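Since this is a predicted model, take the numbers as computed values, not measurements. All values below come from the heavy atoms of this structure, side chains included, with hydrogens, waters and symmetry mates left out.
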Amino acid sequence: MVLGEAPDSTQGPSVSNLSPKDAVRRRNKRRSRQHQRFMARKALLQEQGLLSTPQEPGSCPLPTPSQMPADVKAASSKRQRPKAGSGNGGPCRKRPSPREAAGPWPSKCVAIDCEMVGTGPRGRVSELARCSVVSYHGDVLYDKYIRPELPIVDYRTRWSGITCQHMRKAIPFQVAQKEILKLLKGKVVVGHALHNDFQALKYIHPRSQTRDTTYVPNLLNPPGLNVRTKVSLKDLALQLLHKKIQVGQKGHSSVEDALTAMELYRLVEVQWEQQEASSASAPPEDRSSDVEKYMEDQYWPEDLVQASLGGTREAPDGRE
């Protein structure tokens, strides 16, 4: 016998050794205890004002917590005491904060910027060479140089800031793509001219979770005036944030551009999210413009555009 265990004689007969009458008595006793716990919980809810069911005439009054057995009262209090902000509809229900009502939580919002180099014939094919991802508060979550799948013909250093030295520590595109898409999954992605970045990543992000800062001027126009004016990130930063970016001859910094895009988003975040909420609740026919927009040539691979036009067309460098 193990020390601390009670002798077998004190544990009572097993269920198989009980007579039918004793088995029924034990089952009724167990049900009686369950009913007692149920009544105790019901009384506790009534006392807290969470249950106000009137008793039928002639019925027995429910026991109050002071009349409950000590073990039942403790168990009921432990199980039924509402937690602060539990969202169960009780007096301690957590109300949505202004941040939650305005838009996505900061942890669900990231900004991205990519730098591309030229590959293929005469370096006209844009391929990913650097990608940076920053958080809502400006922390750098990802910043790596990436080796394109094709040999580099034009580094486009004036705009990309990429040189052959950067490729020595670059990682393969397939590896970088998996790492980046893991960061973007389920997030609201902010950026400037995001279709260029997604095309370089060979990825399509949900439209409802995309915030392209090229449309920030539209949000600043007077209500009812929809002017589709696209301004460069450099000009937006100077006019709205009063800071200079993309200066010097060493090219752009994807970290700086991603941070700037996030600052622009936060500047008009409330208006933007209100607009997104209203468009999401609109009938499908009112949102057909989104579908039409993605039928434009800039959202399709260059070879498909050339085939549909039946001629040649210069590939964009992705940095306009």
Side-chain angles (χ1 to χ4, degrees), residues 87 94-114 133-138 141 180-237 239-241 257-301 304-305 316 318 320:
K94 181 181 178 181
R95 295 183 177 180
S97 64
R99 163 70 233 177
E100 183 179 7
W105 285 99
S107 61
K108 294 293 184 180
C109 191
V110 296
I112 187 174
D113 188 76
C114 299
V133 181
V134 301
S135 69
Y136 179 87
H137 297 291
L141 305 177
I180 297 167
L181 299 191
K182 186 177 180 180
L183 287 173
L184 302 187
K185 184 179 180 181
K187 302 292 179 60
V188 171
V189 179
V190 179
H192 195 81
L194 278 170
H195 59 275
N196 292 325
D197 301 319
F198 292 153
Q199 184 176 356
L201 285 167
K202 300 180 181 179
Y203 169 67
I204 299 177
H205 198 69
R207 170 65 183 86
S208 60
Q209 294 180 298
T210 301
R211 306 291 184 268
D212 195 325
T213 55
T214 56
Y215 297 102
V216 165
N218 297 334
L219 296 170
L220 299 175
N221 287 327
L225 180 61
N226 185 14
V227 181
R228 289 188 171 275
T229 303
K230 294 184 179 180
V231 186
S232 68
L233 184 64
K234 183 177 182 178
D235 291 340
L236 286 175
Q239 296 174 15
L240 301 179
L241 303 177
D257 290 354
L259 289 171
T260 304
M262 182 60 79
E263 289 184 55
L264 288 170
Y265 167 73
R266 294 178 63 175
L267 183 67
V268 294
E269 179 181 3
V270 175
Q271 303 98 300
W272 204 332
E273 295 307 326
Q274 288 176 350
Q275 187 182 83
E276 289 292 329
S278 61
S279 62
S281 59
E285 57 270 15
D286 294 342
R287 290 182 279 131
S288 59
S289 59
D290 290 340
V291 179
E292 296 175 357
K293 184 186 73 173
Y294 282 103
M295 295 303 293
E296 298 175 4
D297 291 345
Q298 61 181 340
Y299 296 98
W300 291 84
L304 293 181
V305 175
E320 294 182 359

Got [X] and [Y] here, is their nearest side-chain heavy-atom distance under 4.5 Å?
{"X": "L201", "Y": "I180", "result": "yes"}
{"X": "L267", "Y": "V216", "result": "no"}
{"X": "K108", "Y": "Y136", "result": "no"}
{"X": "P217", "Y": "L236", "result": "yes"}

Notebook entry, point to check: Can a donor-acceptor pair be found between the side chains of Q275 and Y215 at a distance below 3.5 Å?
Noted result: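 The criterion, which ignores hydrogens and geometry beyond distance, is not satisfied for Y215 and Q275.
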Checklist line | N/O donor-acceptor pair under 3.5 Å between H192 side chain and V231 backbone | finding: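 It does hold such a pair.
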Please enumerate all residues that pass side-chain contact (heavy atoms from CB on, under 4.5 Å) together with [X], with sequence neighbours excluded.
{"X": "L194", "value": "I112, V189, D197, F198, T210, D212"}
{"X": "I204", "value": "none"}
{"X": "E276", "value": "R207, R211, W272, E273, S279"}

What's the spacing between [X] [atom1] and [Y] [atom2] if we round to 0.5 Å?
{"X": "C114", "Y": "Q199", "atom1": "SG", "atom2": "CD", "result": "11.5 Å"}
{"X": "E263", "Y": "L240", "atom1": "CD", "atom2": "CG", "result": "11.0 Å"}
{"X": "K187", "Y": "L181", "atom1": "NZ", "atom2": "CG", "result": "12.0 Å"}

Next item on the list: Go through the structure and list residues passing side chain to side chain donor-acceptor pair (under 3.5 Å) with K202, not counting sequence neighbours.
Entry: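 K202: side chain to side chain donor-acceptor pair (under 3.5 Å) contacts with E149.
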Specify the closest pair of heavy atoms between [X] and [Y], including all atoms of both residues, with the distance to one decimal.
{"X": "T213", "Y": "A261", "value": "CG2-O, 3.5 Å"}
{"X": "A237", "Y": "T260", "value": "CB-CG2, 3.7 Å"}
{"X": "P106", "Y": "H137", "value": "CB-NE2, 3.8 Å"}

